Undergrad: 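What follows is a structure written as C-alpha cells; I'll ask about it next.
Just so you know, ligand 1 is whichever comes first in the structure, and atom 1 is the first atom listed for that ligand. Hydrogens, waters and symmetry mates play no part in the numbers below; they use all other heavy atoms, side chains included. Every value quoted in this text rests on a predicted model; they were computed, and no experiment measured them.
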Amino acid sequence: MIQSASEQTLRKAKTLLEKGELIAIPTETVYGLAANALNENAVIKIFKVKNRPFFDPLIVHIRNKSEVKKYASEFPAKAKRLAEKFWPGPLSIVVPKSKIILDIVTAGLDSVALRMPNHPVTLRLLKMLPFPLAAPSANPFGYVSPTSAQHVEKQLGKKIPLIIDGGKCPVGVESTVISFTEKIPVILRHGGISVEEIKKVIGKVSVETKSIRQLTDSPGMLKSHYATRKPLYIGKIDSLIKKFGDKKFGTLSFYKSFHHPNLVRSEILSPEKNIDEAARNLFSAMRRLDEPRCYRGRSEAEIILAETFSDKGLGRAINDRLKRASVH
Ligand code: TXA
Ligand code: MG
C-alpha cells in the first residue's frame, strides 16, 4: 500500500521494520526495498521478494557519518574525504566490514557497502531506528529500477505491506559504488556522483565496471541488468532507424525528436539538454516505452531505440544503464 510520508506513516514503518517486515523507502536515487540490516530473517526476505541471487550483496543505509565506526572495521582517509564531501548523497562506499554486519548482507564478502542517503523522509526514518537499513533497489532482479512509489506498487505492491511515497526521485540513477578494499580506490558502478567529481576529491581512481571481476565482486554490474522486456538497442538513433525501422519502435533520446511512420512513442529526456534532468527521467521513460499498451491509438512499440550519451559526468551512468539494458 502506498502511503504519503506523514509522521504516522513513519511510525508504522518503524513498527513493521522492527517486526522484520520489508517496506519500500524513497531515496534521492531510486526507491529501496528496506529491511533491518541486522536481522537475518528480514534480510532473507529482500532476496526472496526481489528474486535476487544471494551472491549479490546489499548496500547498508546509515543515518549519519559517525555510524561508519559501527559497521566498518576500517575507513581509509580517502573514503572519509568522500563521505565528508558527498554524504548524504548518491555514493556507496565499500570498506572492510565490522563483525555485526551479517554475511547474508555482504554475500559472504569481507567488505560492506555503506551509504547515507539524501532524502528527508528516509533520513527522518533512519533517525527513528536503532538499526541501519539494508536496501537494494525496489524492483524485481534485473528489471529497471523504480523512481516513483507507483513504479514500486506496480511490481512489488502485493508483496510488501508499505510503500512510503516520497515523490519522484531527484537523481534518478543509482548511487556510484566505490571500493576501498585495495590500494587504489575502484569505481565498481557509475552512478549519481561522477568519476570527475570523485577524482577532484581523492585523485587517482580506477574504474572496473565491466571486467569479469565484477561478476563476483559487484554482481549489480552483471552485463544484462536494468533491462526492459522489449529489446532495446543503443547507438545513434538515425542509424538505428535505418537498421530496425521496419518494426514499430519507440525512441529514447536526450533532446532530439525523430519522425518516421513506424515511430509510435518518443521519449525525450530533457528538451533543455540538461543531463541531471535526463538522468532523473531515464527510468520512467524506459518503463513507459516498455509498457505493452497502445499509444495514441497506434499499436505498441515492439522495440526501443536509445541514444548513446556523451561519456562524461552523469552521461556515463546513463550509458551504463542503457548498455546493460540493451541487446548485446
Ligand atoms: O542508489 C542506490 O544505490 C540504491 C538505493 C536504494 O540506495 N540501491 C541500489 O542497490 O542500487 P542495489 O542492490 O540495486 O545495488 C547495489 C550494488 C550492487 O551492484 C552490488 O553488487 C554492489 O552495490 N555492492 C554491494 N555491496 C558490495 C560489496 N561489499 N562489494 C562490492 N559491491 C557491492
Ligand atoms: Mg538494483
Undergrad: Is the terminal nitrogen or CZ of Arg324 (NZ for Lys, CZ for Arg) located under 6.0 angstrom from the six-membered ring centre of Tyr226 and within 45° of that ring's axis?
TA: no
Undergrad: Quick one: salt bridge (charged side-chain N to carboxylate O under 4.0 Å, His left out) pairs with a partner in residues 132-149, sequence neighbours left out?
TA: none
Undergrad: Would you kindly say whether Tyr255 and Asn274 are connected by a side-chain donor-acceptor distance under 3.5 Å?
TA: no
Undergrad: Who's closest to atom 21 (O) of ligand 1 heavy-atom-wise, of Ile93, Asp110, Asp56?
TA: Asp56
Undergrad: Examine the proximity of ligand 1 to Arg52 and report which part, side chain or backbone, both or neither, has a heavy atom under 4.0 Å away.
TA: side chain
Undergrad: How about Arg189 and Ser175: does a side-chain donor come under 3.5 Å of a side-chain acceptor?
TA: yes
Undergrad: Ser137 and Glu174: side-chain donor and acceptor closer than 3.5 Å?
TA: no
Undergrad: As a check for students: among Pro146, Pro136, Ser175, identify the option with a heavy atom nearest to atom 10 (O) of ligand 1.
TA: Pro136
Undergrad: Name the option, out of Thr29, Val173, Thr181, Val105, that contains the heavy atom nearest to atom 5 (C) of ligand 1.
TA: Thr29
Undergrad: Identify whether Val60 and Met128 are in the same connected component of the hydrophobic contact network (ILVMFWY, side-chain heavy atoms under 4.5 Å).
TA: yes
Undergrad: Distance under 4.0 Å to a non-hydrogen atom of Glu174: what atoms of ligand 1 satisfy this?
TA: 1 (O), 2 (C), 11 (O)
Undergrad: State whether the shortest distance between N or O atoms of His61 and N or O atoms of ligand 1 falls below 3.5 angstrom.
TA: yes
Undergrad: Do any side-chain atoms of residues 109-118 form donor-acceptor pairs under 3.5 angstrom with protein atoms, and if so which ones, sequence neighbours left out?
TA:
| unit_1 | atom_1 | unit_2 | atom_2 | d |
| --- | --- | --- | --- | --- |
| Arg115 | NH1 | Glu28 | OE1 | 3.4 |
| Arg115 | NH1 | Glu28 | OE2 | 2.8 |
| Arg115 | NH1 | Gly89 | O | 2.9 |
| Arg115 | NH2 | Thr27 | OG1 | 3.1 |
| Arg115 | NH2 | Glu28 | OE1 | 3.3 |
| Arg115 | NH2 | Thr29 | OG1 | 3.1 |

Undergrad: Check for me, please, whether Val95 and Ile184 land in the same ILVMFWY cluster - side-chain distances under 4.5 Å, paths through other members count.
TA: no
Undergrad: Need the ligand 1 atom indices (1-based, order shown) with element for anything under 4.0 Å from a heavy-atom of Leu109.
TA: 28 (C), 29 (N), 30 (N)
Undergrad: Pull out every atom of ligand 1 sitting under 4.0 Å from any heavy atom of Ser137, numbered as shown with elements.
TA: 8 (N), 9 (C), 10 (O), 12 (P), 14 (O)
Undergrad: Could an N or O of ligand 1 be found under 3.5 Å from any N or O of Thr27, whether backbone or side chain?
TA: no
Undergrad: Within the structure, is a non-hydrogen atom of Ser111 found at a distance of less than 4.0 Å from ligand 1?
TA: yes
Undergrad: Check each atom of ligand 1 against the heavy atoms of Leu188 and keep those under 4.0 Å away; list them by number with element.
TA: 31 (C), 32 (N)
Undergrad: Check for me: within less than 2.8 Å of the Mg ion (ligand 2), which protein N/O/S atoms show up?
TA: Ser137 OG
Undergrad: Side chain or backbone, does Thr106 bring an N or O within less than 3.5 Å of an N or O on ligand 1?
TA: no
Undergrad: Let's go through His151 and Glu153 carefully: what are the C-alpha distance in whole Å and the side-chain angles of both, what is the deciding distance for side chain to side chain contact (heavy atoms under 4.5 Å, CB included) to 0.1 Å, and is it a yes or a no?
TA: CA-CA 6 Å; His151 290 166; Glu153 167 89 356; over 6 Å; no
Undergrad: Between Gln150 and Arg287, is any side-chain donor less than 3.5 angstrom from a side-chain acceptor?
TA: no
Undergrad: Check whether the side chains of Ser98 and Ser73 place a donor and an acceptor atom closer than 3.5 Å, and report yes or no.
TA: no
Undergrad: Check ligand 1 against Val177 and write out every atom of the ligand that is under 4.0 Å from a heavy-atom position of the residue.
TA: 23 (O)
Undergrad: Applying a heavy-atom cut-off of 4.0 Å, say which part of Lys97 lies close to ligand 1: side chain, backbone, both or neither.
TA: neither
Undergrad: Would you verify whether the NZ or CZ of Lys50 falls within 45 degrees of the ring axis of Phe141 while also being under 6.0 Å from that six-membered ring's centre?
TA: no
Undergrad: Only pairs under 3.5 Å count here: list side-chain donor-acceptor contacts from residues 119-127, not counting sequence neighbours, and write none if there are none.
TA:
| unit_1 | atom_1 | unit_2 | atom_2 | d |
| --- | --- | --- | --- | --- |
| His119 | ND1 | Val121 | N | 3.2 |
| His119 | NE2 | Gly166 | O | 3.1 |
| Thr122 | OG1 | Pro26 | O | 2.5 |
| Arg124 | NE | Glu7 | OE2 | 2.9 |
| Arg124 | NH2 | Glu7 | OE1 | 3.0 |
| Arg124 | NH2 | Glu7 | OE2 | 3.3 |

